[in-house]
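Here is the structure we will look at, set down as C-alpha cells.
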Amino acid sequence: MTKRHAAIVGAGIAGLTCALALARKAFSVSIYEQAAELAEVGAGLQLSPNATRLLDRLGLLEKLAAKWHEPASIDLVSGLTGRQVAQVPAGAKARQRWGAPYAVIHRADLQSVLHQAVLDHPSIELHTGVRIEGAGVEAVRRDLEARSGRIPDLVVGADGVWSRTRASAGGPAKAPFTGQIAWRMTLPREAIGSLFDPDRLSAFIAPQTHLVAYPLKTRGTVNLVAITHGAAMEANWSGKDAARHELSHAFRRWSPRLTELFDRAEMNGRWPIHGLSGQYWGAGRLVLIGDAAHAMPPYAAQGAAMAIEDAYALASHVAGDDIDAGVAAFIAARRPRIDKVARRAAFNRFAYHARGPIRLGRDIVLALRKPDDLAGDFDWLYGDHSIE
C-alpha cells in the first residue's frame, strides 16, 4: 500500500513537529524551508505541560530534558518595587499536578532536537533553500507536485507569522502590528546577584511594560524578555545595536535595581509583535498551523505550545481513511481551544500592564490566593485533555 504523502511548508517548531507527528501516523513527509539552513534565531521560550506532554509522546523527552530547565515556580513580581505579588508552583509540582514538565529552553536547542529527529526518520525528507511559489491552493499544489513528482494528499502551511501559504489559502498577507515590541537580552547568571532567583521563572509586571526572566541551561545565562510599546519595524530580527535609551525610557519608573540589568545585558534583538485577530485554517487540503493560522501576542507564553498542539492534533485527525473529514474535525476541535488561549493572553496583557486602582486591586487579590489555587487556574490549559 502506498503511503499517503504530506508536504509541509516551513521548518520551524510547528513544521518539524508536524512532520514527526504525521510520520508517526504512517505518512511520508516532505518539508520545504526557504532558508538555506536552519539557523539559530531568537532566544528562550517556555514549554508548558500541554506542550511537553506531546513532545514526550513523540519520543523526545529524554533528549529535551538534557537541554531544558524546570523552574521550581513562576513568580509574579512588581517591577516598581521588586516585591513578590504571587507564586505558581512548577518544577516537581508541575509534573505531579499536570503529569508533564514545565520547562524553559533556548529556541535553538528545541529546534536542534526536532531537526535531528526529522533527519533520523526514514519517512521524512527535509529540503532547505526552497521557496514554494504560487497564488492560490492549486498553484501551491502544482509547485509541490513539480518538486516531488507527486501531488501531496495534504499540504501544511507552517511558515509562521509572515506566512505566504496563508495568503494562498485566502487569509491576510500580513499580520497586523500590535504596537508592542519584545526586547530580547541575555545575562550571565552571576550578573543577577541576589536581585532574584535565576533558577525560577520571574515575571515582573508594571503599567504598560513587563519583563520575564528565566535561565537557559545550555548557555549558562539568564534570558530576559522586555515588552514595551513601540513603533513598527521590519519583519525580521533587528536592533542588536539599538539605542538602549529607548528601552531605559520605557522602564524609567521601574526599580533601578532591575533596569540596571539592561546596561549589562547582551542585546539579542528587538522584535515587533504581530498578531492575527482571527483564525485562518486554510482551504481544502491546504491546512495552516501555528502562527501561520493564529499568531497571538506572547502574554500567555503559548505560541510554541499552540504550534506543537496544532501539529500533533492535525496528525491525529487525518490518520483515518478520510483526510477531508479529518481536516474538518481538526479545525472544529482547535478553534475553541485557540479562542480560549487568545482570550487568556488578552486578559494577561490587561492584568500585567494595569495601572492605578486596578493594579492595586490586582495585587491584593493575587496576594490573598494560595499558590496551589493559582496553579488550579491553569488546569484547563496545562492538563491532559487528550489531543488525539
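On a predicted model such as this, the values are computed, not experimentally measured, just so you know.
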Looking only at non-hydrogen atoms, find the nearest pair between D75 and S73 and report the distance. OD1-OG, 2.8 Å
CG of D263 to CE of M185: how many Å apart, nearest 0.5 Å? 10.5 Å
State the OG1-CG distance between T186 and N268, to the nearest 0.5 angstrom. 4.0 Å
Q279 and R334, any side-chain heavy atoms less than 4.5 Å apart: no
Under the side-chain hydrogen bond (donor to acceptor under 3.5 Å, both in side chains) test, residues paired with T81 that sit two or more places apart: S78
Pairs in or reaching into residues 325-346: which pass ring pair (Phe, Tyr, Trp, His ring centres under 6.0 Å), with residues at least two apart or in two chains? W281-F330
Distance-only donor-acceptor check, side chains N50 and Q302, under 3.5 Å: yes
side-chain contact (heavy atoms from CB on, under 4.5 Å) assessment of T17 paired with I289: CA-CA 11 Å; T17 304; I289 63 173; over 6 Å; no
With the 4.5 Å side-chain cut-off for hydrophobic clustering, are I13 and I273 part of the same group? no
Per-pair distances, 0.1 Å, donor-acceptor, side chain in residues 60-67, under 3.5 Å, sequence neighbours excluded:
none

Min side-chain heavy-atom separation D291-S163 under 4.5 Å: no
Can a donor-acceptor pair be found, under 3.5 Å and without considering hydrogens, that links the side chain of R264 to the backbone of A191? yes
Sub-4.5 Å side-chain heavy-atom contact between I338 and M306: yes
Side chain of S123, backbone of A23: donor and acceptor closer than 3.5 Å? no
Roughly how far, to the nearest 0.5 Å, is OG1 of T218 from CG of D109? 3.5 Å
Hey, is the main chain of V318 close enough, under 3.5 Å, to the side chain of R4 for a donor-acceptor pair? yes
Mark yes or no for whether R252, through its side chain, and H249, through its backbone, hold a donor-acceptor pair below 3.5 Å. yes
Side-chain ion pair, R166 and D159, N-O less than 4.0 Å: no
Note: R369-D377 ion pair, threshold 4.0 Å (strictly below): yes
Taking atom CG of D120 as the centre, does the number of heavy atoms from other residues, nucleotides or ligands within less than 6.0 Å exceed 12? yes
Donor-acceptor contact below 3.5 Å, side chain D143 vs main chain I132: no
What heavy-atom pair brings T128 and A35 nearest, and what distance separates the two atoms? CB-O, 3.3 Å
Do E33 and H127 pair up side chain to side chain, a donor and an acceptor below 3.5 Å, judged on atom types alone? no
Is the terminal nitrogen or CZ of R97 (NZ for Lys, CZ for Arg) located under 6.0 angstrom from the six-membered ring centre of Y102 and within 45° of that ring's axis? no
Heavy-atom distance under 4.5 Å between the side chains of L366 and L374, does that happen here? yes
Show the numbers, then the answer: is there a side-chain contact (heavy atoms from CB on, under 4.5 Å) between R257 and S194? CA-CA 10 Å; R257 295 185 65 212; S194 61; 4.1 Å; yes
Do H115 side-chain atoms and Q111 backbone N/O form a donor-acceptor pair below 3.5 Å? no
Working to the nearest 0.5 Å, report the span between CG of L288 and OG1 of T165. 5.0 Å
Beyond-backbone contact of P215 with V104, side-chain heavy atoms, under 4.5 angstrom: yes
Are V225 and F177 grouped together when hydrophobic residues (ILVMFWY) are joined by side-chain heavy atoms under 4.5 angstrom apart? no
Heavy-atom count check: over 12 atoms from other residues, nucleotides or ligands less than 6.0 Å from Q96 CD? no
Please give me the minimum heavy-atom distance between R150 and S28, naming the atom from each residue. NH1-OG, 3.7 Å
Do L80 and P207 have side-chain heavy atoms sitting under 4.5 Å apart? yes
Grouping I, L, V, M, F, W and Y whenever their side-chain heavy atoms are under 4.5 Å apart, do I227 and L211 come out in a common cluster? no
Of all residues at least two apart in sequence or in a different chain, which pass the ring pair (Phe, Tyr, Trp, His ring centres under 6.0 Å) check with Y352? H210
Please find the pair of heavy atoms, one from G44 and one from N223, that lie closest to each other, and give the distance. N-OD1, 3.4 Å
Heavy-atom pair of closest approach, residues L224 and A213: CD2-CB, 3.5 Å
When you compare the side chain of L119 with that of Q116, does any pair of heavy atoms fall below 4.5 Å? yes
Among pairs that include at least one residue of residues 45-98, which meet ring pair (Phe, Tyr, Trp, His ring centres under 6.0 Å), considering only residues two or more places apart or in two chains? W98-Y382
I need the D384 CG to D379 CG distance, nearest 0.5 Å. 12.0 Å
Taking only residues two or more places apart in sequence, or in another chain, which ones meet H121 in a ring pair (Phe, Tyr, Trp, His ring centres under 6.0 Å)? none
Using the rule given for side-chain contact (heavy atoms from CB on, under 4.5 Å), can you reason through V77 versus F196, listing the C-alpha separation, both sets of side-chain angles and the distance that settles it, and then say yes or no? CA-CA 10 Å; V77 185; F196 58 87; over 6 Å; no
Between the side chains of R53 and Y312, does any donor sit under 3.5 Å from an acceptor? no
Knowing that exactly one of H274, H294, K174 qualifies, which makes a side chain to side chain contact (heavy atoms under 4.5 Å, CB included) with V161? H274
Q84 CD to R200 CZ distance, which is reported to the nearest 0.5 Å: 8.0 Å
Any link between W380 and I308 through a network of hydrophobic side chains (Ile, Leu, Val, Met, Phe, Trp, Tyr) touching at under 4.5 Å? yes
More than 12 heavy atoms from other groups under 6.0 Å of CG on L360: yes
How close do H317 and A329 get, heavy atom to heavy atom, and via which atoms? CD2-CB, 3.5 Å
Any side-chain heavy atom of L195 within less than 4.5 Å of one from E260? no
D153 backbone acceptor or donor facing H5 side chain under 3.5 Å: no
Check for me, please, whether I364 and F350 land in the same ILVMFWY cluster - side-chain distances under 4.5 Å, paths through other members count. no
